[in-house]
Amino acid sequence: MSWDFDNDRPIYSQIIEHIKGCIVSGEYAAGEKLPAVRELAFEAGVNPNTMQRAFAELETEGLVHANRTSGRFITEDIGMINDLKNEIAGKAVTEFMYNMKNIGFSKDEVIELINKCDNMEGDGKDE
């Protein structure tokens with residue numbers, strides 16, 4: 001798991017995005033126990049208080065819950081995880097379409113380009 005932070009946004013919000021990405025990708029499965037705050041903070045190269053702040057926000061959102069005696073766990077609510085996945089994907093597609101329109105592509109041209117690229121992957125030509 002790579003932790004790359006930029007200087008334009010607060011680190012705790014980037015940690016939240018990173019963990020959400022791990023959840024929706026399945027790297028952290030529903031119901032799975034998360035590593036300890038100090039362990040993740042060390043791995044990410046951040047202060048444990050910063051990691052704690054990110055965890056607190058994830059708890060507020062309901063994606064993570066704490067058990068006082070055994071740590072923090074990913075929600076078991078698959079619907080919530082799928083909603084988050086769709087939200088992240090929707091933002092990515094919206095940004096992609098905005099960028100494609102800015103360089104002169106129509107929606108139909110974008111779809112044609114995606115289909116062309118998808119067909120190339122299936123041919124094994126891109127390997």
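Side-chain heavy atoms closer than 4.5 Å link hydrophobic residues (I, L, V, M, F, W, Y) into clusters, and following such links, even through other members, never connects I111 to I103. Each of F96 and I88 belongs to its own hydrophobic cluster when Ile, Leu, Val, Met, Phe, Trp and Tyr are linked at side-chain heavy-atom distances under 4.5 angstrom.
Residues R72 and E59 form a side-chain contact, since some pair of their non-hydrogen atoms from C-beta on lies under 4.5 Å apart. By the 4.5 Å heavy-atom criterion applied to side chains, L113 and E109 are not counted as neighbours. Taking the side chain as every heavy atom from C-beta outward, Y28 and L34 approach each other to under 4.5 Å. Looking only at side-chain heavy atoms (C-beta outward), F5 and V46 come within less than 4.5 Å of each other. Contact annotation: the side chain of N102 approaches that of Y98 to within less than 4.5 Å [non-hydrogen atoms, C-beta and beyond].
Residues R9 and Q14 share a closest heavy-atom pair of O-NE2, 2.8 Å. Of all heavy-atom pairs between P48 and R38, the closest is CG-NH1, 3.7 Å. Annotation for F73 and G31: closest pair CD2-O, 3.5 Å, computed over non-hydrogen atoms. Contact record, V110 with F105: CG2-CB, 3.7 Å, taken as the closest heavy-atom pair. The two residues I74 and H65 make their nearest non-hydrogen contact at O-CE1, 3.8 Å.
Remark: M100 CE to I114 CD1 distance equals 7.5 Å, nearest 0.5 Å. Distance check, rounded to the nearest 0.5 Å: CH2 of W3 to CD of E43 gives 6.0 Å. Remark: D6 CG to I11 CD1 distance equals 9.0 Å, nearest 0.5 Å.
No more than 12 heavy atoms of other residues, nucleotides or ligands shown are found within 6.0 angstrom of CZ on F42. Remark: E112 CD is loosely packed, at most 12 non-hydrogen atoms of other residues, nucleotides or ligands lying under 6.0 Å away.
In this structure, Q52 contributes its side chain and V37 its backbone to no donor-acceptor pair below 3.5 Å. Proximity of a side-chain donor or acceptor of K33 to a complementary backbone N or O of S70 within less than 3.5 Å is detected. Remark: the backbone N or O of S13 is not paired with any side-chain donor or acceptor of E57 at under 3.5 angstrom.
Listed by chain and number, the residues in a salt bridge (charged side-chain N to carboxylate O under 4.0 Å, His left out) with K91 are E87 (sequence neighbours excluded). The salt bridge (charged side-chain N to carboxylate O under 4.0 Å, His left out) test applied to R68 returns no partner, not counting sequence neighbours.
A side chain to side chain contact (heavy atoms under 4.5 Å, CB included) with T75 is found for one member of I23, I81, L84, L58 and no other, namely I81.
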